[in-house]
Amino acid sequence: MNSRVSDVSSRTRRPPDIFDAVVAGGGHAGCEASIAMASLGLNVLLITSNVDRIGHLSCNPSVGGLGKGQLVREIDALGGMLGRWSDAATIQSRLLNASRGPAVQAPRAQVDRRVYLETVRRDILRHSGIWVIQDLVASPLLRNGRVSGVRTELGRQFECRALLLAAGTFTNGLLHIGERRFAGGRLGDEASTALGAALRSLGVELGRFMTGTTPRLAADSIDFSAMQAQYGDLPAPQFSFSGPPPALPQLPCHLTWTTPDSHKIITANLRLSPMYNGAISGTGPRYCLAIEDKIAGHPERNRHQIFVEPEGLDSAEVYPNGIHTGLPLEVQQDFLRLVPGLERSQIVRPGYAVEYDYILPTQLKATLEMKNLPGLWSAGQINGSSGYEEAAAQGLWSGLNIFCALRGQPEFLPGRQLAYMAVLVDDMVTRGVNEPYRMFTSRAERRLLLRHSNADSRLTPLGRELGLVKDEDWRSFRQRQSSLERLLHELRARLLRPDAEARAAFAELDEPPPEKKMSLAELLRRPGMNSAKIARFWPEIMEFSLETRSEAESSLLYAGYLSREEELARRQETLESVKIDQIDYSLVSGLSRELTEKLGAVRPGTLGQAGRIPGMTPAALNCIEIHLKKLAGRKKHRLAERAGELDRAGG
């Protein structure tokens, strides 16, 4: 079993009278939060609609990708689980954008759906600090304006100190297949119908989003020979910094394309799609379009990619990524059979669209606790995000903040310059969402500092301070850091002289020889140079791990850029250090009514956060700074007056 997870004791466990935390939902957000809180010593009750589907991959059988892979690495660096669970189930792994700069590289893995689910369920069900029941949360219970427990749809009540809602797409979930619609959080699982009404009654503002998934096809009905095979990298990249590497056999994906004839069928049946006939009111994700939207929105294109992804080593199904749809089942089958390699394909499970309620995230603090309902937290798709990775990151974020709140510790709030997960949370609670939020590297201002490869150096010390990074992982981290420091020292210290031997070596590499002494670090900064070429001058460099060599190359090649980014990050930290959460914005001279209303609604905690509110201008931010200085001056004056009064009284 995973070393980060503690076993249930052989003695009978008695649940506490009051749980430290109740978690509603057994998806990626709920599982990550539950494991983190329980590992830190809290008693956790996980309430899920289906115990057999804890950790189920509802959509595609993959983890990571651009922006998302960075989130997985950050979760692992802090002591979370998504990276380890994914590595245990990986059947293909690749480093995306390997030929481009390190700021936009990211790991992505295909995972065995069954193995992944079994791995997550095992760790959740065996954890000594987690109790699990199958039910649905119907409503929070309040005492003195604070959440004190939950009532379930089966009528049970549980007391708790904190409640985390991680209900995904289940809150008033409605599934659409053509003109057919029925309640559900996903195909085969019932929706949570009471929770949305309960939240509205408590004054929580909800919105409506939608997403979709593809039909699953019988693997033995696919002609893979008509498709282009795509293989993973070897050795397989992994997400976890210190966990075991992927051990399962690696499988290829396959690439095919839609055709003009398949487009004609889709176009002729758009009126039957719930996205086009008015049946769906929710907004869908712009970056993960349904096949209907791709074809109707881009009529000039005569084909679209379909990645046929394996669902597992022994699975009878494949996942044709790229054709999310809500069309009727018979239309799905008709257009699929006009795609190369899918002419005889059989649909095992239909594609469908699902719309659901979500909490407008500007109602949340930066910790993901509700501003007006103390003790109520939320994470994942219920906050208006999309994706496994975004959900898991929020689950860990909220779980750590619940722990800090219950233990009287400072909030866990690393800044945007330190983590993609901070960018994710800050974007959502400050700017709000008008579509399901998806992480991209372009969302981070300092993305060169937030490389997937250095997530441990950025965040593992924070995870260790909180107590989530265990001794074994901490030792592994220290060893990696020591190895990197040693390599950088050697590269800077070893000098090449412009002698005959060096000139011959440079000629072999088709590189101009140096005219004076040059360190290996200086040589490594040359375009096209890498550690493998450096080995011509210093063979021992290849004794360092590939990850260590790659990180050293990035540190040296981008040294100037990194220095500039670090300076900009320090400036931003200055703004983030100015607390403003108690300001009455109606008293700030020079603010427009619109900005006054926005600032009052968001209630930013810092001057930096205020600057990121949509519509904020430098002039308006300056007005707030001037107001703060006036308040500080008045406070100083009052203190001086009070001191004078005390002096006179003493005299």
Side-chain angles (χ1 to χ4, degrees), residues 6 8 13-49 51 54 124-125 127-168 170-171 192 194-199 201-204 359 363-365 367-380 382-383 391 394-409 411-412 466-468:
S6 58
V8 173
R13 292 188 306 159
R14 182 180 181 277
D17 295 329
I18 301 177
F19 285 95
D20 291 316
V22 169
V23 176
H28 293 81
C31 289
E32 199 70 62
S34 297
I35 286 280
M37 291 189 290
S39 297
L40 290 169
L42 301 186
N43 294 316
V44 178
L45 174 63
L46 175 61
I47 302 177
T48 178
S49 63
V51 172
I54 291 173
I124 292 290
L125 296 175
H127 202 293
S128 59
I130 302 175
W131 282 259
V132 179
I133 64 169
Q134 183 163 304
D135 203 340
L136 289 167
V137 168
S139 65
L141 301 176
L142 304 183
R143 184 182 299 125
N144 299 322
R146 181 180 182 85
V147 169
S148 61
V150 297
R151 178 182 294 108
T152 74
E153 291 197 3
L154 293 179
R156 291 184 279 191
Q157 292 189 18
F158 299 95
E159 290 190 74
C160 63
R161 297 180 176 87
L163 169 60
L164 173 62
L165 301 180
F170 282 65
T171 308
S192 175
L195 180 59
L199 291 174
S201 72
L202 294 173
V204 178
I359 295 169
Q363 299 169 99
L364 303 173
K365 299 178 182 178
T367 59
L368 296 183
E369 183 182 20
M370 292 291 300
K371 293 172 182 174
N372 296 327
L373 286 172
L376 180 61
W377 313 67
S378 58
I382 197 172
N383 284 347
Q394 291 173 68
L396 181 58
W397 185 282
S398 57
L400 291 175
N401 276 297
I402 289 172
F403 167 76
C404 291
L406 297 185
R407 291 291 188 262
Q409 297 186 17
E411 297 169 336
F412 173 75
L466 286 165
L468 195 58

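Although no hydrogens or angles enter the test, the distance criterion places a donor-acceptor pair under 3.5 Å between the side chain of Asn383 and the main chain of Ser378. With hydrogens and angles ignored, the 3.5 Å screen pairs a side-chain donor or acceptor of Ser201 with a backbone N or O of Ala198. The main-chain N or O of Lys371 is never found under 3.5 Å from a side-chain atom of Gln363 such that the two would form a donor-acceptor pair. With hydrogens and angles disregarded, no donor-acceptor distance shorter than 3.5 Å links the side chain of Glu32 to the backbone of Leu396. When atom types are taken as modelled, the side chain of Gln134 and the backbone of Val51 share a donor-acceptor pair closer than 3.5 angstrom.
Closest heavy-atom contact between Ser34 and Val44: OG-CG1, 3.9 Å. Between Leu142 and Ser148, the shortest heavy-atom distance links the atoms C-OG, 3.6 Å. In terms of heavy atoms, Phe170 sits closest to Ser49 at CE2-OG, 3.6 Å. Taking all atoms of both residues into account, the shortest heavy-atom contact from Glu159 to Asp17 is CB-O, 4.1 Å. Across all non-hydrogen atoms, the minimal contact from Ser398 to Trp377 is O-CE3, 4.4 Å. When every heavy atom of His127 is checked against every heavy atom of Ile35, the shortest pair comes out as CD2-CD1, 4.0 Å.
Leu368 contributes atom CG, which lies 11.0 Å from atom CG of Leu376 (distance to the nearest 0.5 angstrom). Rounded to the nearest 0.5 Å, atoms CG (Leu163) and CZ (Phe19) are 13.0 Å apart. The structure places CG of Leu164 at 11.5 Å from CD1 of Ile47, a figure rounded to the nearest 0.5 Å. One finds the CD1 atom of Ile130 at 8.5 Å from the CZ atom of Arg13 (value rounded to the nearest 0.5 Å). Atom CZ of Arg407 sits about 12.5 Å away from atom CG of Leu466, to the nearest 0.5 Å. Taking OG from Ser139 and CZ from Arg151, the interatomic distance works out to 4.5 Å, rounded to the nearest 0.5 Å.
At least one side-chain heavy atom of Pro140 sits less than 4.5 Å from a side-chain heavy atom of Leu202. Using a 4.5 Å cut-off on side-chain heavy atoms (C-beta onward), Trp131 and Asn43 make contact. Here the side chains of Thr171 and Leu165 are not in contact, with every heavy-atom distance at 4.5 Å or above. Taking the side chain as every heavy atom from C-beta outward, Leu40 and Leu400 approach each other to under 4.5 Å.
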Evaluate side chain to side chain contact (heavy atoms under 4.5 Å, CB included) for Arg156 paired with Ile133, printing each intermediate quantity in order.
-> CA-CA 11 Å; Arg156 291 184 279 191; Ile133 64 169; 3.8 Å; yes
What do the steps show when you test Leu195 against Leu136 for side chain to side chain contact (heavy atoms under 4.5 Å, CB included), and what is the final call?
-> CA-CA 8 Å; Leu195 180 59; Leu136 289 167; over 6 Å; no
Going through the checks in order, is the side chain to side chain contact (heavy atoms under 4.5 Å, CB included) test met by Ile359 and Met370?
-> CA-CA 10 Å; Ile359 295 169; Met370 292 291 300; 4.2 Å; yes
When you look at Ser192 and Val137, which way does the side chain to side chain contact (heavy atoms under 4.5 Å, CB included) test go after all the steps?
-> CA-CA 8 Å; Ser192 175; Val137 168; over 6 Å; no
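With no hydrogens or angles considered, a side-chain donor-acceptor pair links Thr152 and Asp135 at under 3.5 Å.
Under the side chain to side chain donor-acceptor pair (under 3.5 Å) criterion, Arg146 pairs with no residue, sequence neighbours left out. Scanning for ring-ring contact (aromatic ring centres under 6.0 Å, His included) contacts around Trp397 gives Phe412, with sequence neighbours left out. Legend: residues meeting side chain to side chain donor-acceptor pair (under 3.5 Å) with Asp20, ordered by chain and number and at least two apart, are Arg161.
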